[in-house]
Peer 1: 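Let me begin by handing over the structure; questions about it come next.
The analysis underlying the following values was restricted to heavy atoms, covering all of them including side chains, and did not include hydrogens, waters or symmetry mates.
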Amino acid sequence: MKLSFYPGCSLEGMAVDYARSIDAVFKALDIDLVEIDDWSCCGATAAHSLSEAMSVILPARNLSAAEQMGLDIVSPCANCFNRLRFSQQMIQKRVLDIPWPVTGDLKIHDMTRFLAEPPMIKKIEKRVLKPLKGLKLVCYYGCQMVRPPRITGYTDYENPQTLDRISAATGAQVIDWSYKATCCGASIGIARREIGDSLTKRLLDKARQAGAEAIVVSCPLCQSNLDMIQKGRLERPIPIFYFTELLRLSFSDRGNPKWFKTHFTNPVQLLKTKSLL
Amino acid sequence: MNTLAEDQKSVNQPKPTKKRKLIGDRGDYFLNRIEGETGANVSACYQCERCTNACPVSHFMDIKPHQAVRYVQLGWREDLLKSSTIWVCLSCEMCTTYCPNEVGVAEVINHLRNIAAHSSITPKEKNLAVFHQTFLEVLRKSGRVNEFQLMNAYYLKPNILHEKIKSGSFKEELLLGLTLLRKGRLKPFTSRSKAIKDIQKAYIQARGEIV
Ligand code: SF4
Ligand code: SF4
């Protein structure tokens with residue numbers, strides 16, 4: 001199977017760990033990801049905040065490049081996925097003129113939903129060498145992957161299940177909680193610290209109350225927000241995993257602590273007590 | 001101490017602090033404009049406040065989301081453009097998702113932010129606006145956004161560094177940045193996309209200039 005891959009800017013920087021684990025997981029599942037030729041930034045929140053036209057035009061360039069490759073797109077980043085889908089809908093409605101040849105006919109998958117399809121889950125289950133027994137997790141989806149439903153196509157946007165299904169396939173114990181899709185504050189913390197902190201702290205508290213030992217995410221921004229705020233705090237730290245990191249761990253009989261060295265909240269201790277490392 | 005009578009008097013007759021605003025004196029020009037440009041169903045709002053209750057940051061806003069919708073109906077444009085609301089909003093889409101009348105609250109607020117960005121009004125949450133601006137500047141320079149360059153560019157904007165030092169968060173953020181560099185999560189150099197020329201051209205055209 002072959003798909004075009006739109007990594008997005010974060011995967012070259014803040015989310016290198018995500019990028020590496022995606023690489024390993026898709027190799028193990030025997031799915032070919034071809035990076036979109038000379039991709040460019042989707043514009044994220046900034047583009048649609050300041051110029052709605054550019055928020056359609058910027059992602060369109062990548063859609064156009066992918067169409068030339070003739071491969072459906074898979075996007076690991078929640079925000080990129082949302083922006084690509086939004087742009088695609090606007091292109092289909094012919095609201096704007098796009099400087100590149102583009103029809104908007106390709107499928108755009110978010111990576112979690114792609115891997116949570118029943119055949120994929122079966123494939124994952126077959127591939128698991130060392131089930132993550134006894135690891136108590138909550139899955140956190142954030143906003144952009146699920147909302148607004150008319151763009152993302154999620155029908156279970158109040159209680160999404162994709163990450164839950166994938167995490168369960170690795171053998172971990174997935175706990176239900178009510179804050180799956182509550183906003184983490186995105187980049188607001190950079191300019192307004194107290195707003196960002198209030199949102200992330202609440203999520204961490206609620207995850208602890210639910211009895212989670214770690215949080216599973218799929219969005220680079222959610223990961224950094226939830227991870228970095230715990231730096232130097234005294235309470236019980238709670239590691240934040242990308243779901244692909246867990247997959248990678250369960251796919252190998254001996255994990256490597258080096259995989260997690262980019263994390264602020266070091267999960268190695270936790271994994272060792274569960275004898276998963 | 002006030003006597004009871006005095007207390008009651010002050011309750012019964014609040015001193016008019018603000019001049020009362022007229023309602024319905026502006027026609028529906030602004031309402032039609034916003035509905036036309038966003039496709040949002042602003043007239044359908046019946047002020048149930050579900051949007052505000054769903055909003056994770058409404059307590060940081062001076063005009064709450066449901067009020068913002070009413071303001072659009074009333075044509076109170078300048079109040080909206082001067083508000084903190086349009087900058088604090090995270091585009092998390094909770095309001096839009098839970099509105100029973102499919103008003104498209106987030107889309108309206110985002111569009112107001114667009115209008116404000118192209119106006120002479122100084123944003124009430126200047127730093128938030130400057131951050132968006134900086135992001136796009138970095139994007140236009142290299143086609144991709146490198147977080148290291150983004151943060152550097154942001155700190156170099158007028159007053160940002162000064163405020164960070166004054167509030168005492170600068171040292172902490174500097175240390176955080178260094179740790180991120182050491183961990184390899186910040187990369188000093190960007191990979192550029194060859195698309196810069198095309199993107200810059202699109203920007204010039206979006207400004208209404210002919211290339
Ligand atoms: S949820 Fe919709 S109908 Fe209710 S107040 Fe908000 S915009 Fe109006
Ligand atoms: S999109 Fe903005 S106004 Fe709507 S709920 Fe989210 S933060 Fe609040």
Peer 1: When heavy-atom pairs shorter than 4.5 Å are enumerated against chain A, which of V145(B), N110(B), T96(B), V88(B) gives the highest number?
Peer 2: N110(B)
Peer 1: Could you report the tightest heavy-atom contact between I190(A) and K164(B), atom names first, then the distance?
Peer 2: O-NZ, 2.8 Å
Peer 1: At a heavy-atom separation under 4.5 Å, does N146(B) approach chain A through its side chain, its backbone, both, or neither?
Peer 2: neither
Peer 1: Measuring heavy-atom distances to chain A, does K201(B) have an atom under 4.5 Å in its side chain, in its backbone, in both, or in neither?
Peer 2: neither
Peer 1: Any non-hydrogen side-chain atom of F135(B) less than 4.5 Å from a side-chain atom of S187(A)?
Peer 2: no
Peer 1: Is there a side-chain contact between I57(A) and Y203(B) in this structure, where contact means two heavy atoms from C-beta onward sitting under 4.5 Å apart?
Peer 2: no
Peer 1: With a 4.5 angstrom heavy-atom cut-off, is it the side chain or the backbone of V57(B) that approaches chain A, or both, or neither?
Peer 2: side chain
Peer 1: In Å and rounded to the nearest 0.5 Å, what is the CG to CE distance from L180(B) to M228(A)?
Peer 2: 5.5 Å
Peer 1: Taking atom CG of D25(B) as the centre, does the number of heavy atoms from other residues, nucleotides or ligands within less than 6.0 Å exceed 12?
Peer 2: yes
Peer 1: For the pair Q144(A) (side chain) and S91(B) (backbone), establish whether a donor and an acceptor sit closer than 3.5 Å, ignoring hydrogens and angles.
Peer 2: yes
Peer 1: Measure the CE-CD1 distance between M54(A) and I199(B) for me, rounded to the nearest 0.5 Å.
Peer 2: 7.0 Å
Peer 1: Heavy-atom pairs under 4.5 Å with chain B - which of S49(A), C183(A), C9(A) has more of them than the others?
Peer 2: S49(A)
Peer 1: So does H263(A) get a backbone contact from the side chain of K183(B), meaning a donor-acceptor N/O pair under 3.5 Å?
Peer 2: yes
Peer 1: Please give me the minimum heavy-atom distance between A191(A) and L128(B), naming the atom from each residue.
Peer 2: CB-CD2, 3.6 Å
Peer 1: Is the number of heavy atoms from other residues, nucleotides or ligands under 6.0 Å of Q92(A) CD greater than 12?
Peer 2: yes
Peer 1: Between I160(B), L186(B), N127(B), I109(B), which has the largest tally of heavy atom pairs under 4.5 Å with chain A?
Peer 2: N127(B)
Peer 1: Heavy-atom pairs under 4.5 Å with chain B - which of S198(A), G185(A), G13(A) has more of them than the others?
Peer 2: G13(A)
Peer 1: Answer yes or no: are there more than 12 heavy-atom neighbours, outside E35(A) itself, under 6.0 Å from its atom CD?
Peer 2: yes
Peer 1: Quick check for you: to the nearest 0.5 Å, what is the distance between R140(B) atom CZ and S40(A) atom OG?
Peer 2: 14.0 Å
Peer 1: Any heavy-atom pair between the side chains of R113(B) and E52(A) that's under 4.5 Å?
Peer 2: no
Peer 1: Below 4.5 Å from any heavy atom of chain A, which atoms of Y98(B) appear? Answer side chain, backbone, both or neither.
Peer 2: side chain
Peer 1: Which atoms of M94(B) are under 4.5 Å from chain A, going by heavy atoms: the side chain, the backbone, both sets, or neither?
Peer 2: both
Peer 1: Is K194(B) close to chain A through its backbone or its side chain, or both, or neither, when contacts mean heavy atoms under 4.5 Å?
Peer 2: both
Peer 1: Which residues from residues 74-86 of chain A are near chain B, with near meaning under 4.5 Å between non-hydrogen atoms?
Peer 2: none
Peer 1: Between E125(B) and R192(A), is there a salt bridge with N-O shorter than 4.0 Å?
Peer 2: yes
Peer 1: Shortest non-hydrogen contact from T179(B) to K231(A)?
Peer 2: OG1-CE, 4.2 Å
Peer 1: For residues A117(B) and L50(A), report the shortest heavy-atom separation together with the two atoms involved.
Peer 2: CB-CD2, 3.7 Å
Peer 1: Please rank C41(A), A53(A), S224(A), A15(A) by heavy-atom pairs under 4.5 Å with chain B and give me the top one.
Peer 2: C41(A)
Peer 1: Would the distance check show the side chain of E147(B) and the main-chain N or O of M14(A) forming a donor-acceptor pair, the cut-off being under 3.5 Å?
Peer 2: yes
Peer 1: Please state whether the side chain, the backbone, both or neither of H111(B) comes within less than 4.5 Å of a heavy atom of chain A.
Peer 2: both
Peer 1: Quick one: what part of W100(A) sits under 4.5 Å from any heavy atom of chain B, side chain, backbone, both or neither?
Peer 2: side chain
Peer 1: In terms of heavy-atom pairs under 4.5 Å, which option from I196(B), L136(B), I86(B) contacts chain A the most?
Peer 2: L136(B)
Peer 1: Between A181(A), P99(A), A186(A), G43(A), which residue shows the highest count of heavy-atom pairs closer than 4.5 Å to chain B?
Peer 2: G43(A)
Peer 1: Check whether A206(B) gets within reach of chain A through its side chain, its backbone, both or neither, counting any heavy atom under 4.5 Å.
Peer 2: side chain
Peer 1: Closer than 3.5 angstrom, by distance alone: can the side chain of R147(A) be matched with the main-chain N or O of T97(B) as a donor-acceptor pair?
Peer 2: no
Peer 1: Do D227(A) and R185(B) meet the salt-bridge criterion of a basic N to acidic O distance under 4.0 Å?
Peer 2: yes
Peer 1: Before giving the answer on salt bridge (charged side-chain N to carboxylate O under 4.0 Å, His left out), spell out for R144(B) and E12(A) the whole-Å C-alpha distance, their side-chain angles and the decisive distance to 0.1 Å.
Peer 2: CA-CA 10 Å; R144(B) 294 183 190 173; E12(A) 292 194 323; 3.0 Å; yes
Peer 1: Identify the heavy atoms of D38(A) and A195(B) that sit nearest to each other, and give their distance.
Peer 2: OD2-N, 3.7 Å
Peer 1: With a 4.5 angstrom heavy-atom cut-off, which part of L139(B) approaches chain A: side chain, backbone, both or neither?
Peer 2: side chain
Peer 1: Taking every heavy-atom pair that is under 4.5 Å apart, which of P148(A), C143(A), S10(A) has the most such pairs with chain B?
Peer 2: P148(A)
Peer 1: Check whether V130(B) gets within reach of chain A through its side chain, its backbone, both or neither, counting any heavy atom under 4.5 Å.
Peer 2: neither
Peer 1: Would you say I188(A) and F131(B) make side-chain contact, with heavy atoms under 4.5 Å?
Peer 2: no
Peer 1: Between E107(B) and R150(A), does at least one N-O distance fall below 4.0 Å, as a salt bridge requires?
Peer 2: yes
Peer 1: Under 4.5 Å, counting heavy-atom pairs only, tell me which of T182(A), T45(A), L58(A) racks up the most with chain B.
Peer 2: L58(A)
Peer 1: Just checking K141(B): does its NZ atom have more than 12 heavy atoms from other residues, nucleotides or ligands closer to it than 6.0 angstrom?
Peer 2: no
